[in-house]
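All chains are named by letter (A, B, ...) in the order of the sequence lines, taking the proteins before the strands, and each is independently numbered beginning at 1. All values derive from a computational prediction rather than experimental measurement.
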Protein chains: 2
Amino acid sequence: MTGLRRDNLPTAQMRLVDLFENWSAGEFDPSNCPVRGILDRLGDKWTTLVVIVLAQRPHRFSAVQRAIPDISKRMLAQTLRDLERDGMISRQVYPTKPPSVEYRLTELGQSLLDPLVNLITWAEQRRPNIEGARAAYDASDRA
Amino acid sequence: MTGLRRDNLPTAQMRLVDLFENWSAGEFDPSNCPVRGILDRLGDKWTTLVVIVLAQRPHRFSAVQRAIPDISKRMLAQTLRDLERDGMISRQVYPTKPPSVEYRLTELGQSLLDPLVNLITWAEQRRPNIEGARAAYDASDRA
DNA sequence: CTCCATGGTCTAAAATTGAGACCACGTCTA
DNA sequence: TAGACGTGGTCTCAATTTTAGACCATGGAG
């Protein structure tokens, strides 16, 4: 019940309602939702950070590691592999001794930068709100 | 070497370069980066999905669970608690028997919808590219 | 009396992640 | 000539996180 009144709804919300209805219509299998499969990867804790680093300029494996000191080699290798598989970055091997490998954003990877910057900008702008809310919550008895 | 030429750089990338330089300037401690703390939560695998569900309308605990069948109660409870702590959703208890609890987006939560929709739109538009890249990668010997 | 639904918590098992050793190779230093 | 170092990783084992599902108190319906 309580159908949704779509008038007076902000644009983003309306869009989300539409999306959700479409998903639900096609017997929405959340674990099969393609958008979710993509969003999941972005939420990988390391993925966005690596993309931001590669947005500066192409990096070699160990340069990325230096830029993100607290990533383990294991996860860095995996993150880079996943990003390459998704076509977001390219991997170029130079046959020097020892061989060096350069990772760089593809056009697809570049195209992620716009929405990513939007999100970061939002996080920056809303940071005071969020930190305030956290402090208030922690000060209350629920903490 | 290869300092960055900032002319001819797309806007988003330039912005990211600036951000990164600011971060690095202040002896960038990635584990202390506030924006990262916020982005980490959004990448929580369940967080965005819950936000999308609550963007439709307020939901009760079990309604959210029905909307996202493959989330465990434990993680749903935790995700909702974290979102409440961050001031993104509000929790309203109605003293019915048994008591029911309603979760709804706050203004802060609503404000996330815009960047979130951008990201989802990007994912939708680029889905063919990404799936194509995945198929190509898996078909190659690296798989 | 029994079953259902409410909003969770708790425990044990499964999955993911992290720390760090290890590798082959060549080059630089002593 | 012997070590040590840097390259881009992989491998193993331990620590952390997530999941599945039992459980709880309450009250209403049958």
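- In this structure, the side-chain hydrogen bond (donor to acceptor under 3.5 Å, both in side chains) partners of Asp18(A), at least two apart in sequence or on a different chain, are Arg6(A).
- Not a single side-chain hydrogen bond (donor to acceptor under 3.5 Å, both in side chains) links Gln125(A) to another residue, sequence neighbours left out.
- Proximity of residues 37-46 of chain A to DNA chain C (heavy atom under 4.0 angstrom from any strand atom) is restricted to Lys45(A), Trp46(A).
- Chain B approaches DNA chain C over the interval dT6(C) to dT11(C), counting the first and last nucleotide 5' to 3' with an atom under 4.0 Å from its heavy atoms.
- Not a single side chain to side chain contact (heavy atoms under 4.5 Å, CB included) links Ala135(B) to another residue, sequence neighbours left out.
- Partners of Ala133(B) according to the side chain to side chain contact (heavy atoms under 4.5 Å, CB included) rule, which considers only residues two or more places apart in sequence or in another chain, do not exist here.
- At whole-Å resolution of the value, CE in Met75(B) and P in dG21(D) are 17 Å apart.
- Pairs passing the salt bridge (charged side-chain N to carboxylate O under 4.0 Å, His left out) check and including a residue from residues 103-112 of chain A, sequence neighbours excluded, read Glu102(A)-Arg104(A), Glu107(A)-Arg126(B).
- By the side-chain hydrogen bond (donor to acceptor under 3.5 Å, both in side chains) test, Arg15(B) pairs with Thr121(A), Glu124(A), sequence neighbours left out.
- Here Arg81(A) does not pair with Asp138(B) in a salt bridge; the nearest charged N to carboxylate O distance is not below 4.0 Å.
- Partners of Asp114(B) according to the side chain to side chain contact (heavy atoms under 4.5 Å, CB included) rule, which considers only residues two or more places apart in sequence or in another chain, are Ala12(A).
- Residues passing the side-chain hydrogen bond (donor to acceptor under 3.5 Å, both in side chains) test with Arg66(A), sequence neighbours excluded: none.
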Let me have a per-nucleotide readout for nucleotides 7-15 of chain D, 5' to 3', with B, S or -, counting only protein heavy atoms under 4.0 Å. BBBB-B---
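- Applying the side chain to side chain donor-acceptor pair (under 3.5 Å) rule to pairs touching residues 46-55 of chain B yields nothing, sequence neighbours excluded.
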